[in-house]
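Encoded as structure tokens, the structure appears first; notes follow it.
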Amino acid sequence: RVGQYSADQVRAAIWPWLKSRGYATAADDPVLEEFLTVRLGKRPAFLRPGLRMKRIWDAEAVRAAGGRSGLAAEIRAEVNAILAAAGDSRLSAHAG
């Protein structure tokens, strides 16, 4: 489904396809509409696969991880686990 699509094509074909596979739900409908009307306006949508990962660490979790450098190592390890499960390349070690 990589390519260029009009807002109507996204609504009629792409969005139902994403919902049927569990990548989106009815709760995401307002986000789609904002994307199509506010961000894109009359421009076409250029779609390509992607992932979004989100996690929030509170101050205690950062301390438990050993501060910023420990947190960075923890994040890298968790992202690498996801990449490995997808059969993709690991993140390289930070060199600085």
Side-chain angles (χ1 to χ4, degrees):
R1 303 264 177 184
V2 173
Q4 176 179 325
Y5 299 90
S6 70
D8 289 340
Q9 288 173 311
V10 172
R11 284 185 192 100
I14 305 299
W15 196 241
W17 182 85
L18 291 168
K19 287 169 107 176
S20 73
R21 284 157 181 78
Y23 299 126
T25 68
D28 298 311
D29 289 348
V31 176
L32 172 70
E33 285 307 313
E34 179 183 353
F35 171 73
L36 294 175
T37 59
V38 176
R39 293 185 140 254
L40 289 182
K42 299 211 180 283
R43 296 175 295 148
F46 291 93
L47 303 179
R48 60 200 173 279
L51 289 174
R52 177 177 184 232
M53 295 176 265
K54 181 178 178 179
R55 179 173 169 190
I56 298 172
W57 284 264
D58 61 18
E60 179 56 36
V62 174
R63 280 191 292 279
R68 290 180 63 167
S69 62
L71 179 61
E74 182 178 317
I75 292 169
R76 180 173 269 91
E78 290 188 21
V79 170
N80 280 335
I82 293 167
L83 293 172
D88 208 340
S89 301
R90 295 171 43 100
L91 297 174
S92 60
H94 179 62

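The figures that follow rest on heavy atoms only: side chains count, while hydrogens, waters and symmetry mates do not. All values reported here derive from a predicted model rather than from experimental measurement.
Under the 4.5 Å side-chain heavy-atom criterion for ILVMFWY residues, a single connected hydrophobic cluster contains both Y23 and I14.
Shortest non-hydrogen contact noted between A12 and P16 is O-CG, 3.4 Å. Closest approach of L91 to N80, counting heavy atoms only: N-OD1, 2.6 Å.
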For this session: Give the C-alpha distance, both sets of side-chain angles, the deciding distance and a yes or no for side-chain contact (heavy atoms from CB on, under 4.5 Å) between V79 and I75.
Result: CA-CA 6 Å; V79 170; I75 292 169; 4.2 Å; yes
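Side-chain atoms of D29 and W15 form a donor-acceptor pair, as typed in the model, at a separation below 3.5 Å.
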Enumerate, atom names and distances included, each donor-acceptor pair closer than 3.5 Å involving a side-chain atom of residues 34-45, sequence neighbours excluded.
from	atom 1	to	atom 2	distance (Å)
T37	OG1	E33	O	2.6
R43	NE	L40	O	3.2
R43	NH2	R39	O	2.3

List the atom pairs, donor and acceptor, that lie under 3.5 Å between side-chain atoms in residues 63-74 and the rest of the protein, sequence neighbours left out.
from	atom 1	to	atom 2	distance (Å)
R63	NH2	E60	OE1	3.2
E74	OE2	W57	NE1	3.1

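A donor-acceptor distance shorter than 3.5 angstrom exists from the side chain of R76 to the backbone of S92, with no hydrogens or angles considered.
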